[in-house]
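Notes for the one structure printed next.
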Amino acid sequence: MSRARSIKPVETKLSQARMYELIRSPVVTEKSTAGSAHSQVTFKVPLDATKPEIKAAVEGVFKVKVVAVNTLRQLGKTKRFRGRLGFRSDTKKAMVTLAEGNTIDVTSGV
């Protein structure tokens, strides 16, 4: 007899304002545009955003089906300006994989 528990998918309810707050901007770099060959789109998101929230926000704003969400936290660099130390702020990126047949055009506005 297995003691494994089944995990129910969590449905996240978000307001329209929170959806637009979560998706700050698309990331347009060589690496992120190469991901578009695999139906991936990269967005900047707040540090406190969770994967289920990001999935619900992308599905709600762009009306697409999201298969997976991968996130990464990028620590801010230490920079010097005229001998003084400064810090860039930390950022979080979300790589969103879309279902087959769905696309998001990041060059146009929402």
Side-chain angles (χ1 to χ4, degrees):
M1 183 185 252
S2 175
R3 291 182 182 240
R5 296 181 185 148
S6 62
I7 300 173
K8 296 179 184 178
V10 178
E11 289 194 29
T12 307
K13 304 266 185 183
L14 295 175
S15 66
Q16 205 63 16
R18 177 69 176 156
M19 287 183 192
Y20 283 103
E21 183 184 314
L22 282 174
I23 303 170
R24 293 207 169 145
S25 67
V27 176
V28 183
T29 60
E30 285 185 42
K31 192 170 186 176
S32 67
T33 52
S36 64
H38 304 289
S39 299
Q40 284 188 336
V41 185
T42 306
F43 295 104
K44 285 186 181 177
V45 295
L47 291 174
D48 64 342
T50 62
K51 289 182 181 185
E53 284 181 335
I54 295 167
K55 180 179 179 178
V58 171
E59 288 178 344
V61 171
F62 296 105
K63 308 292 188 259
V64 293
K65 177 71 177 140
V66 175
V67 176
V69 177
N70 296 348
T71 59
L72 67 92
R73 285 184 62 145
Q74 187 173 15
L75 295 178
K77 285 183 172 181
T78 303
K79 303 297 276 184
R80 287 186 183 273
F81 180 70
R82 294 187 180 176
R84 298 195 183 260
L85 280 178
F87 298 96
R88 287 186 185 166
S89 57
D90 298 347
T91 59
K92 187 172 188 174
K93 293 187 219 175
M95 283 75 67
V96 179
T97 305
L98 303 175
E100 204 167 315
N102 292 321
T103 57
I104 294 176
D105 185 17
V106 295
T107 58
S108 65
V110 174

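Just so we're clear, the structure is a prediction, and the values are computed from it rather than from any experiment.
- Screening residues 25-51 for ring-ring contact (aromatic ring centres under 6.0 Å, His included) gives Phe43-Phe62 as the qualifying pairs, with residues at least two apart or on separate chains.
- Side-chain contact between Val58 and Val64: present, with at least one pair of heavy atoms (C-beta onward) separated by less than 4.5 Å.
- Pairs passing the salt bridge (Lys or Arg N to Asp or Glu O under 4.0 Å) check and including a residue from residues 25-49, sequence neighbours excluded, do not occur.
- Taking Thr71 as the reference, nothing meets the side-chain hydrogen bond (donor to acceptor under 3.5 Å, both in side chains) condition, with sequence neighbours excluded.
- Separating the OG atom in Ser89 from the NZ atom in Lys77 is a distance of 13.0 Å, to the nearest 0.5 Å.
- Alongside Met95, the hydrophobic cluster contains Leu72 (criterion: ILVMFWY side chains under 4.5 Å).
- Ile54 places a side-chain heavy atom less than 4.5 Å from the side chain of Val96.
- Sequence neighbours left out, not one pair with a member in residues 78-98 passes ring-ring contact (aromatic ring centres under 6.0 Å, His included).
- Counting heavy atoms from C-beta outward, Val27 and Val41 have side chains that stay 4.5 Å or more apart.
- Partners of Arg18 under the salt bridge (charged side-chain N to carboxylate O under 4.0 Å, His left out) rule, at least two apart in sequence or in another chain, are Glu21, Glu53.
- The line from CD1 of Ile104 to OG of Ser36 is 11.5 Å long, rounded to the nearest 0.5 Å.
- No side-chain heavy atom of Ile23 sits under 4.5 Å from any side-chain heavy atom of Val45.
- Taking the side-chain hydrogen bond (donor to acceptor under 3.5 Å, both in side chains) definition, one finds that Thr78 meets it with nothing, sequence neighbours left out.
- Using a 4.5 Å heavy-atom cutoff, the side chains of Pro26 and Thr42 are not in contact.
- Under the side chain to side chain contact (heavy atoms under 4.5 Å, CB included) criterion, Gln16 pairs with Met19, Tyr20, sequence neighbours left out.
- Under the side-chain hydrogen bond (donor to acceptor under 3.5 Å, both in side chains) criterion, Ser32 pairs with Thr29, sequence neighbours left out.
- The salt bridge (Lys or Arg N to Asp or Glu O under 4.0 Å) contacts involving residues 86-98 comprise nothing, where partners must be two or more places apart or lie in separate chains.
- With contacts defined as side-chain heavy-atom distances shorter than 4.5 Å, the pair Arg73/Leu47 qualifies.
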Legend entry - Worked verdict on Thr97 versus Val66 for side-chain contact (heavy atoms from CB on, under 4.5 Å): CA-CA 6 Å; Thr97 305; Val66 175; over 6 Å; no
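- Applying the side-chain hydrogen bond (donor to acceptor under 3.5 Å, both in side chains) rule to pairs touching residues 54-68 yields nothing, sequence neighbours excluded.
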